[in-house]
Trainee: 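Let me begin by handing over the structure; questions about it come next.
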Amino acid sequence: VVTYSSLIYGLCKIGKISEAGDLLKEMREIGLVPDEVTYTTIVDGFCREGKAGEAFKLVERGVVRNASTFNALIKGLCKAGKFEEAKVLLKKMGKGGLAPNDVTYSILIDRFCKEARLREAFDLRDEMLERGIVASVFTYGALIHGCCKVGQMEEADKLLKEMLKKGLAPNCIIYTILISGHCRKGNFEEVFKLRDEMLKRGIAPDTVTYTAIISGLCQANKMVEANTVLNEMQERGVLPN
RNA sequence: CGAGACAAGAUCGGU
């Protein structure tokens, strides 16, 4: 089952869903029983192609499922712009014995943030906490990114402090989001402060982080500084692209 | 007991 699921995953990733479906048939024919992971892979494959309807059909056929299956569906609905339906599905999950988890909320929060519906995103965050679901690095990443996108850097910085206070370790991605946000505001003092802070915590900036800094400096006509950062990046063995 | 699925970042390009 793991072998076939892996193959199905590979096909879905390159958009060959119908061939993935053939493999699903084939595995059944040789007596293998597809499990939750197998079906979630296909559900997500449909959703990636914008075929949330097909994904729903599969799930409604009563195949085995778990929270991840619904998470993939919720993501598919959001991608199709069906945010209200996604919220309805979230409510159904709660009742159907399959509890939403941190991934469920992280997906929704991320999609609402990307729609600039921050209010609803934060409401979802409150809701998840009320239900005793712990916000993960992904949840914070989505929220911080949302704040940065609308230029609310104070709120974004507050979220970083909040995660530190909770003992949740920020990673390279969290810092990159914040750095990119401050770059867009031209606040390079804060940008370098964050870079120092991440180094102090033993988090290595990667190509994406450095590209954010260099791109920001270039847009602000700070070419000398940009060059310095390029050198720093190369000295640290991070490859430019 | 482990192996396969769903969630967050820069730039550029396509529509």
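Throughout, protein chains are lettered first and strands after them, A, B, ... in sequence-line order, and every chain is numbered starting at 1. Since the model is a prediction, treat every value here as computed from it, not as a measurement.
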Trainee: Ignoring hydrogens and geometry, is there a side-chain-to-backbone donor-acceptor pair from T139(A) to S136(A) under 3.5 Å?
Mentor: yes
Trainee: For residues 88-95 of chain A, which side-chain donor-acceptor pairs fall under 3.5 Å, sequence neighbours excluded?
Mentor:
none

Trainee: Identify all side-chain donor-acceptor contacts of residues 56-64 of chain A below 3.5 Å with residues at least two apart in sequence or on another chain.
Mentor:
| unit_1 | atom_1 | unit_2 | atom_2 | d |
| --- | --- | --- | --- | --- |
| K57(A) | NZ | E54(A) | OE2 | 3.4 |

Trainee: Below 4.0 angstrom, which residues in residues 156-181 of chain A have at least one non-hydrogen atom near RNA chain B?
Mentor: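 Heavy-atom cutoff 4.0 Å gives N171(A), C172(A), I173(A), T176(A), I177(A), S180(A).
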Trainee: By a strict heavy-atom criterion of less than 4.0 Å, which residues belonging to residues 185-209 of chain A are in contact with RNA chain B?
Mentor: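 Nucleic-acid contacts, sorted: D206(A), V208(A), T209(A).
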Trainee: Between N66(A) and T69(A), is there a donor-acceptor pair closer than 3.5 Å when you use the side chain of the first and the backbone of the second?
Mentor: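 Indeed, once roles are kept as given, a pair shorter than 3.5 Å links the two residues.
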Trainee: Applying salt bridge (charged side-chain N to carboxylate O under 4.0 Å, His left out), which residue pairs with at least one partner in residues 172-183 of chain A are found, sequence neighbours left out?
Mentor: none
Trainee: Has T41(A) got a side-chain atom pairing as donor or acceptor with Y9(A)'s backbone, closer than 3.5 angstrom?
Mentor: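 Side chain of T41(A) to backbone of Y9(A): no pair is present.
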Trainee: If the threshold is 4.0 Å, N to carboxylate O, is there a salt bridge linking E232(A) and R195(A)?
Mentor: yes
Trainee: Taking distance alone, no hydrogens or angles, what donor-acceptor pairs closer than 3.5 Å link side-chain atoms of residues 12-22 of chain A to residues at least two apart or in another chain?
Mentor:
none

Trainee: State whether the side chain of S106(A) and the backbone N or O of D102(A) hold a donor-acceptor pair below 3.5 Å, judged by distance alone.
Mentor: yes
Trainee: Is any side-chain N of the basic residue among E197(A) and R201(A) closer than 4.0 Å to the acidic one's carboxylate O?
Mentor: yes
Trainee: Within residues 224-241 of chain A, find the residues that approach RNA chain B with a heavy atom at under 4.0 Å, and present them sorted by residue number.
Mentor: N241(A)
Trainee: What range of RNA chain B does chain A touch, first nucleotide to last, counting atoms under 4.0 Å from its heavy atoms?
Mentor: rA3(B) to rU11(B)
Trainee: NA contact type, S5(A), heavy-atom cut-off 4.0 Å: base, sugar-phosphate, or nothing?
Mentor: base
Trainee: Categorize T38(A) for me: base, sugar-phosphate, or nothing, with a 4.0 angstrom heavy-atom threshold over every strand shown.
Mentor: base
Trainee: With sequence neighbours excluded, tell me which residues meet salt bridge (Lys or Arg N to Asp or Glu O under 4.0 Å) with R117(A).
Mentor: E84(A), E120(A)
Trainee: At under 4.0 Å between heavy atoms, what does K114(A) touch on the DNA or RNA strands: base, sugar-phosphate, or nothing?
Mentor: sugar-phosphate
Trainee: List the atom pairs, donor and acceptor, that lie under 3.5 Å between side-chain atoms in residues 160-169 of chain A and the rest of the protein, sequence neighbours left out.
Mentor:
| unit_1 | atom_1 | unit_2 | atom_2 | d |
| --- | --- | --- | --- | --- |
| E162(A) | OE2 | Y140(A) | OH | 2.6 |
| K166(A) | NZ | Y140(A) | OH | 3.2 |

Trainee: List for me each residue that meets side chain to side chain contact (heavy atoms under 4.5 Å, CB included) alongside L98(A), sequence neighbours excluded, and say none if there are none.
Mentor: R65(A), F70(A)
Trainee: Does a side-chain heavy-atom distance below 4.5 Å link Q152(A) with K158(A)?
Mentor: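 With C-beta onward as the side chain, the pair stays apart.
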Trainee: Please examine the side chains of L143(A) and C147(A), heavy atoms only from C-beta on, and report whether any two atoms are closer than 4.5 Å.
Mentor: no
Trainee: Under 4.0 Å from any atom of RNA chain B, heavy atoms only: list the residues of residues 122-139 of chain A that qualify, in numerical order.
Mentor: S136(A), V137(A), F138(A)
Trainee: Students often get this wrong, so: under 4.0 angstrom with heavy atoms, is R48(A) touching a base, only sugar-phosphate, or nothing?
Mentor: sugar-phosphate
